[in-house]
Every structure is written in structure tokens, then in C-alpha cells.
Amino acid sequence: MERILRDIMTLTLKDMGIDDTTIDIEVPRDEGYGDLSTPIAMRLAKKLKKPPKASALDLISKLKTYQDDLFDNIEIAGNGFINFRLSKTALTKELLKIITNDDYFKEDIGKGKKVQIEFVSANPTGPLHLGHGRGAAVGMALSNILTEAGYDVQKEYYINDAGRQISLLGESVFARYRQNVCNDIDYPFPEDGYKGDYIIEIAKTDEVKRLLDGCNNLTPQIHETLNRLSCEMMLNDIKKDLSDFGISFDNWQSEKMLYEKGMVQNAIQHLSQKGYIYEKDGARWFKSTAFGDDKDRVVIKQDGEYTYFASDIAYHKLKLDKGYEEIVDIWGADHHGYINRVSAVLQALGLKSEAFKVLLIQMVTLLRGGKPVSMSKRSGDFITLREVMDEITPDTTKFLFLTRRHDTPLEIDIEKAKMQSSENPVYYVQYVHARICSIFEKASSTGINLDTSSDVISYNYTDDEMRLIKKVLFYPMTLRGAVLSREPHRIAFYLQELAGLFHPYYHTERVITDDKDTTHARLILCEAIKKTVSHGLKMLGVSAPQKM
RNA sequence: GCGCCUGUAGCUCAGUAGGAUAGAGCAACUGCCUUCUAAGCAGUGGGUCAGGGGUUCGAAUCCCUUCAGGCGCGCCA
């Protein structure tokens, strides 16, 4: 609905010789101000050098020549707001489009722009914890809405399967093998090793036992194989967790592969040719200060080894080489100090700084009965995503994450989350869908079916119904806002508002009545609501159950 | 010390790219199942938007500053 208004306003402004102004259209807080409103006259006043009211009058008179039957009236408020009241016929006609047009909510904002979203990317040295779950929920929802908005999105998981941590993983598994399989209780556990029980489970698997059979100490070859094996098993667990959580990826990018294919070396060489690499104190540095970083960063250490940053350079170069025009990295907030140097790399490689966005996922602090639970992978003492989603369902967990902005710290009391699971907001929204499904079931059992063949509705919708109709028709505004701001949580809040309108309506009015026209009109409304709710839930990666 | 994030109702959080009289859920209390699902509905109470200054037609939102909390600041990954 708002799209129609936006379109004709764009045309009108063009007529007036203005085509560089952003058009803000919003739903006023108070219904008394109309259905939609725009503060554009205030902005226009400066350009036209006329007072806001005069500018508004100019705009309105021209606007009406385009599509007069869209509005009941257009008013100018004392402060210069232009308030539109939409006509019932225009609104109901549009309502039918939601039902008949399966792509109604698609809007081509992205115009096929290639965007890569990288998220989760947890090290394969332990199971996913809640913070990863939060990143997964956000990344998935973001890629869903961007895809719906016409972007060409690829979801990627970056596997840190190279470097010392993996070596340490192998050593940890070996120590547990000696201790738990060979009963060599005094075998020393590596100081910084991974202490979680999952390491013991890996050590006890047949594959590991077969590999390590009769092995008293790690030879380089066996260590290498054990690393690979442990990493694979860990990664399989992660993949299983993600898939059970409802998260999918288009590509799993291995860090190790970057080294094996010489891409790290190539990337450094490439930057070197551009003059961004220099030597100092026996090491090689990337001149990231040239692009706004605090200090230059080492890429090759004195001992000739690459730093972790070096492989990240190669990784981000690969993203560009694959043709992505926008790069979104979703990281834990504790990595924020890393943004500038990666941004510097991408700029050095020719990407505009606006085309690189990092979404920081703030910490999830877990409380159990009011007391914080410590989260350390090394000590093995942390709450996994698996535990939580098994306890309160993946839907509830995702909704919990997506009813918050991703960049604000989040506290979850696991006891409360469990207790509230039957009163959780996600059920409130899903219940709308289930109830409407139930209505249609009842309708078809009495021989009534939804008829969309005619666009004439011989029924006068009540005020409550008009409120619902508008809410549904304005859903694309929320979607658009979520896309532009990259904030999927807005959809979760919208859905709660829509549910907050539907449930009271359901309670006071019956959809299936003796009157044919009334029933028909109300079924149309219900179908539109159902489509909207199921679309919104789908964007969030949450199911829309037929029954509850 | 420097940098990033945060501070809104008792609690957990929204606040729609600076817009109109600051919202929701939870918790508390009171009612409502013979109806298409009570995971629901109706009602009641609750605020110095951390403090101060500035920018303008207009600020919870932008800028400066103070205070409070969190997280970073390796030739670790």
C-alpha cells in the first residue's frame, strides 16, 4: 500500500522538479492523524523556499491528479505533516492482492546485488554455545529478508581449521585417549587444552582408537591425521546442531584450503605489489593505517610463519574475487577490534568502505536462577546451544534472539526461559496462524471455501477489521525497514503487534456466520493475515504450525 | 590510558534512517471457557528516556561532556 503512495509521490515530486529527496512515509502513532503520514513538506520548505504549508498544498493538489480514488482525504497538520486517510475501496482491493499474488511481499530493493553473509564461523574446537546461536539466528533471518528483497545472497561459514588451536585440539584428544582409553591416568593434559567432556567422547570413538592403536606418543604424521579427524568430527557435530536449529549454509569455506591452494601467499603478494606491505624488525607488515586503522599489522612473523590475519586477508580477497559487491560479516562483539584492519584490507583491494558491514553480536549472558553461568570453552563449563534448544525448542530460542537488537547485550535466565516457555511470545504469534487454520478447517467442513474470483466485497468492514487490514497492508513497510537497516528483529515486533490485534478480534467476532457475504469478507481478511504471519515467521526461520 | 557497545516501567526489551501525547511482554491484582483452539480475551497500577550542555521548526534518537556497566587493545587463533 505504502509502495503505491511512494510511487506516486516520487512521480509528483519529479513533476515539481525534485528528485533527490528521500520520501519518508510512516504510520502515525495516533490514528487521529490518518493512516499514513509524511513529514516531507518540512524538508520541501527549504528547497522551494516556501513555508511548509504552502509546499504541502502544492504537493497535494498535484498528488490528487495521479490517483484521487486512493484517498478519503489528505490533511495538513499544524506542524506541517501531511496526513493521508486511505479509502476503504482502495484498501480492500489491495487486500485481495495479498491473497492472489504469491509474491506480494517481494520487493526489488537489492536489484540482484551480490551479497555474502558470513556468520557463526565458530572454531571447530568445541560445540556451539548460545552466542553462536544468536549469530546463527540473526544471520539466517538477515539472509532470508535480503533474499526476499531481491539481493543475491550467499550464506557462508568460515572454518578455522588451520593453526595452533587445531593442533591443540589433537593434543587434547590424544591426552584423553591415553587417560580414558589406555588407563594411563598420569598422562599430562596440555596446559591450554580443551577440557570439555566432548573431547573424551571423540577420544573414545572407533576411528580415533583405530588411528591411535598402540600409540604412546604423537608423531608428527599421526598428530596431523588426528587433528584432521578430530576437527571433522567436531565440525559434524556443529553441522548437526545448526541443521537441527534450522540453519543452512550455501558454502563452508576452509581456512586450511586457503593455505593449500597458495591463496594466502598470493594475497600477500598482491598487496605487496600495491605497495601496502613493508618489512620492519624482521617481520612483514600490512599498512592498514593507510585506511584508518590504529596501527599497522604483522602478516608474516619474524619466524617466517603467517599470522592469523594473513589468512583472513586471503579469505576476504577470495570474497571479492568471487564477485561479491557487499560483504557482511557477523561476529561476536569481542572481535570488534578486528573491524578496522579487515576493512583496511578490503579497501586496499578496492572495495568501498560502505560495502563492508560487520554486525556485532553482543554477548549472551546466561543466568541460572539469577546467578551468572561462566562460559569458557577451555574449562568446558558453558551452556551449549544444543542444551537450550532441546529444552525450550528451536523456535522459542530463535524468537528469543530475534526479539532483540543484535548489538545489545542480552541476558537470559535459563530457568525463566524454561518456565515461560508456555507463555512465550512466539506462541502468541504462532497461535494466530493455528487459529486461522482451524477456522478454515471448520469452514471447509461445512462446505464453505475461500472465493477469490471476484474483487467485489459486499460487506462493510468494521473499524476493528479496517485496523487489521491496514496492519497487514503496512507489513511491507516493516519488511523494507528491516532490510534497509539490516535489522531482522523488527519483523518479530511487527508480528507481535499483528497478533495483538488479531486475538481480540477473534475473541469478539465470529468469522463463520450465517451471512454469506460477511463470512466471505472475513475469510479473505483471515487468509491475508495468515499469509502475512506465515511470511514473517518464515523470514525469522520460525515455523508456522497448523495446529497447536 | 585508548577504542567500541550499552544505560528507557520492578524485570527483559522495543521505539519504525530527527517527527506528533514514550510502548510491549513478563511479574502483580480483578473478572471471562455451552461458541471457529483459554498458548486466548477484558480491565487496574507503573517513567526525571543515567546527569548536564548544545545543534533546529522538532531530540529517547545527532554532537560535546560527566557518571555507571560490558567488551576489546599480541609477531595468539
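First the proteins, then the strands, lettered A, B, ... as listed; each starts at 1. Both backbone and side-chain heavy atoms feed into the values below; hydrogens, waters and symmetry mates do not. Because the structure is predicted, anything quoted here is derived from the model rather than measured.
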Distance below 4.0 Å between A/R490 side-chain N/O and B/A17 OP1 or OP2:
yes
Counting only Watson-Crick or G-U wobble pairs whose two distances fall under 3.5 Å, which nucleotide matches B/U56?
none
On a plain distance test, is the side chain of A/H336 in donor-acceptor contact with the base of B/C71 below 3.5 Å?
yes
Which one, B/G15, B/G40, B/A20, comes nearest to the side chain of A/Y33?
B/A20
For a quick check of understanding: with a heavy-atom distance under 4.0 Å over all strands, which category does A/D407 fall into, base, sugar-phosphate or nothing?
sugar-phosphate
Looking at the side chain of A/R405, which of B/A17, B/G15, B/U21 is the nearest nucleotide?
B/G15
With a distance cut-off below 6.0 Å to the six-membered ring centre and an angular limit of 45° from the axis, does A/R3 pair with A/F105 as a cation-pi contact?
no
Are side-chain heavy atoms of A/E26 and A/T38 found at a separation under 4.5 Å?
no
It should be established whether A/K301 places a side-chain nitrogen or oxygen under 4.0 Å from OP1 or OP2 of nucleotide B/G74.
no
Does A/G481 reach a base, just sugar-phosphate, or nothing at all? Heavy atoms under 4.0 Å.
nothing
Please state whether the base of B/A20 and the side chain of A/N83 form at least one donor-acceptor pair under 3.5 Å?
yes
Which part of the nucleic acid does A/D281 contact within heavy-atom distance under 4.0 Å: base, sugar-phosphate only, or nothing?
base
Do A/H335 and B/G72 share a donor-acceptor pair, side chain to base, under 3.5 Å?
no
A/L410 near the nucleic acid: base, sugar-phosphate alone, or nothing, with a heavy-atom cut-off under 4.0 Å?
sugar-phosphate
The side-chain contact (heavy atoms from CB on, under 4.5 Å) partners of A/H336 (sequence neighbours excluded) come to A/I339, A/L360
Strictly below 4.0 Å: does A/Y315 bring a side-chain N or O up to OP1 or OP2 of B/A77?
no
Between atom CZ in A/F399 and atom P in B/A39, what is the gap in whole Å?
18 Å
Regarding the side chain of A/A283, the nearest nucleotide among B/C4, B/C75, B/C36 is B/C75
Any base atoms under 4.0 Å from A/R297, or only sugar-phosphate, or nothing? Heavy atoms, all strands.
nothing
A/A162 near the nucleic acid: base, sugar-phosphate alone, or nothing, with a heavy-atom cut-off under 4.0 Å?
sugar-phosphate
Less than 4.0 Å between a side-chain N and a carboxylate O, is that true for A/E305 and A/K301?
no
Ion pair present between A/R467 and A/D463, side-chain N to carboxylate O less than 4.0 angstrom?
no
Respond yes when some side-chain nitrogen or oxygen of A/H406 is under 4.0 Å from OP1 or OP2 of B/C5, and no when none is.
no
Under-4.0 Å salt bridge between A/R228 and A/E232:
yes
Options B/A77, B/G15, B/A20, nucleotide nearest the side-chain atoms of A/A77:
B/A20
Rounding to a whole Å, what distance do you find between A/R404:CZ and B/U8:C1'?
15 Å
To the nearest Å, how far apart are A/R29 CZ and B/G23 P?
6 Å
Would you tell me if any nitrogen or oxygen in the side chain of A/Y308 comes within less than 4.0 Å of OP1 or OP2 on B/A77?
no
What nucleic acid atoms does A/P39 come within less than 4.0 Å of, heavy atoms only: base, sugar-phosphate, or nothing?
base
Test: A/K470 and A/E465 ion pair at under 4.0 Å:
no
Between B/A14 atom P and A/F401 atom CZ, what is the distance in whole Å?
14 Å
Under 3.5 Å, is there any donor-acceptor pair linking the side chain of A/S37 to the base of B/A20?
yes
Under a 3.5 Å cut-off for both contacts, is B/C26 paired Watson-Crick or G-U wobble with anything, and if yes, with which nucleotide?
B/G10
Please work out if A/F493 contacts a base, only the sugar-phosphate, or nothing of the nucleic acid, heavy-atom cut-off 4.0 Å.
sugar-phosphate
Protein-nucleotide distance (A/L360, atom CG; B/G70, atom C1'), rounded to Å:
13 Å
So what does A/Q546 touch, heavy atoms closer than 4.0 Å: a base, only the sugar-phosphate, or nothing?
base
